[in-house]
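Okay, so here's the structure we're looking at.
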Amino acid sequence: MSSMSLIDKECVRELLESRHPDATLVFVRGDCVVLPASDVDEAHRGLVIARRDEVIAQLPAGEPSEDELDRLAIRLDNVVRDLGA
């Protein structure tokens, strides 16, 4: 993965391992931040990249491999770029 990626697999891992059942990945000032959905205010609503349930739905059952995390990070990185980050 290039060093220019905005979302890396650590972001994805943080989302998947969050203790918040409604964990949401948000792009804030150049960083990916994991927040409970209830903490995402109007100002950041347009910066939501993915909800954990959406991300889990794209993964096979069980613990994701490093490759799967990488592929997911690349897909989410593309989402961020499409948002105009």
Side-chain angles (χ1 to χ4, degrees):
M1 219 189 293
S2 76
S3 59
M4 293 303 298
S5 65
L6 303 168
I7 303 293
D8 61 24
K9 69 181 166 194
E10 292 312 313
C11 293
V12 177
R13 189 175 281 124
E14 191 180 332
L15 177 66
L16 294 174
E17 294 176 355
S18 171
R19 61 189 172 80
H20 303 294
D22 59 347
T24 305
L25 190 61
V26 185
F27 201 69
V28 182
R29 294 188 200 91
D31 284 319
C32 65
V33 181
V34 176
L35 298 170
S38 55
D39 284 6
V40 180
D41 58 20
E42 280 306 314
H44 295 101
R45 195 126 6 244
L47 303 172
V48 169
I49 301 159
R51 296 193 324 266
R52 178 167 57 190
D53 53 1
E54 296 170 335
V55 170
I56 289 173
Q58 297 179 40
L59 290 169
E63 194 68 27
S65 70
E66 294 298 304
D67 281 350
E68 287 162 349
L69 290 175
D70 277 332
R71 282 196 295 274
L72 202 45
I74 290 167
R75 277 210 297 271
L76 294 174
D77 189 64
N78 290 332
V79 170
V80 172
R81 291 173 194 285
D82 291 345
L83 288 173

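This one's a predicted model, so the numbers in the text were calculated from it and none came from an experiment.
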Do [X] and [Y] share a hydrophobic cluster (ILVMFWY, side-chain heavy atoms under 4.5 Å, transitive)?
X	Y	result
Leu76	Val34	yes
Val48	Val79	no
Ile49	Val33	no

Side-chain touch [X]/[Y], heavy atoms, less than 4.5 angstrom:
X	Y	result
Leu59	Leu16	yes
Arg75	Leu72	yes
Arg81	Asp77	yes

Atom pairs and distances, side-chain donor-acceptor, residues 17-28, under 3.5 Å, sequence neighbours left out:
from, atom 1, to, atom 2, distance (Å)
Ser18, OG, His20, N, 3.0
Asp22, OD2, Ala37, N, 3.2
Thr24, OG1, Asp22, O, 3.0

* To do: For residues 12-61, pull every pair meeting disulfide bond (SG atoms under 2.5 Å apart), keeping only residues two or more places apart or in separate chains.
  =>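 Every pair satisfying disulfide bond (SG atoms under 2.5 Å apart) with a residue in residues 12-61: Cys11-Cys32.
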* Asked: Tell me, which pairs form a disulfide bond (SG atoms under 2.5 Å apart) where one or both residues lie in residues 33-76, sequence neighbours left out?
  -> none
* Asked: Roughly how far, to the nearest 0.5 Å, is the CG atom of Asp8 from the CD1 atom of Ile74?
  -> 11.0 Å
* Can you run down the salt bridge (Lys or Arg N to Asp or Glu O under 4.0 Å) pairs that involve residues 39-48, sequence neighbours left out, and say none if there aren't any? => Glu42-Arg45
* **Pairs where residues 48-57 contributes a residue and the test salt bridge (Lys or Arg N to Asp or Glu O under 4.0 Å) is met, not counting sequence neighbours** =>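 As it turns out, the salt bridge (Lys or Arg N to Asp or Glu O under 4.0 Å) pairs with a partner in residues 48-57, which skip direct neighbours, are Arg51-Asp53, Arg51-Glu54.
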* Asked: Taking only residues two or more places apart in sequence, or in another chain, which ones meet Glu14 in a side chain to side chain donor-acceptor pair (under 3.5 Å)?
  -> none
* What are the two closest heavy atoms between Val55 and Ala50, and how far apart are they? -> CG2-CB, 3.7 Å
Show me the side-chain donor-acceptor pairs of residues 61-69 shorter than 3.5 Å, one per line, residues at least two apart or across chains.
from, atom 1, to, atom 2, distance (Å)
Ser65, OG, Asp67, N, 3.4
Ser65, OG, Glu68, N, 3.1
Glu66, OE1, Lys9, NZ, 3.0
Glu66, OE1, Arg13, NH2, 3.1
Glu66, OE2, Arg13, NH2, 2.7
Glu68, OE1, Ser65, N, 2.8

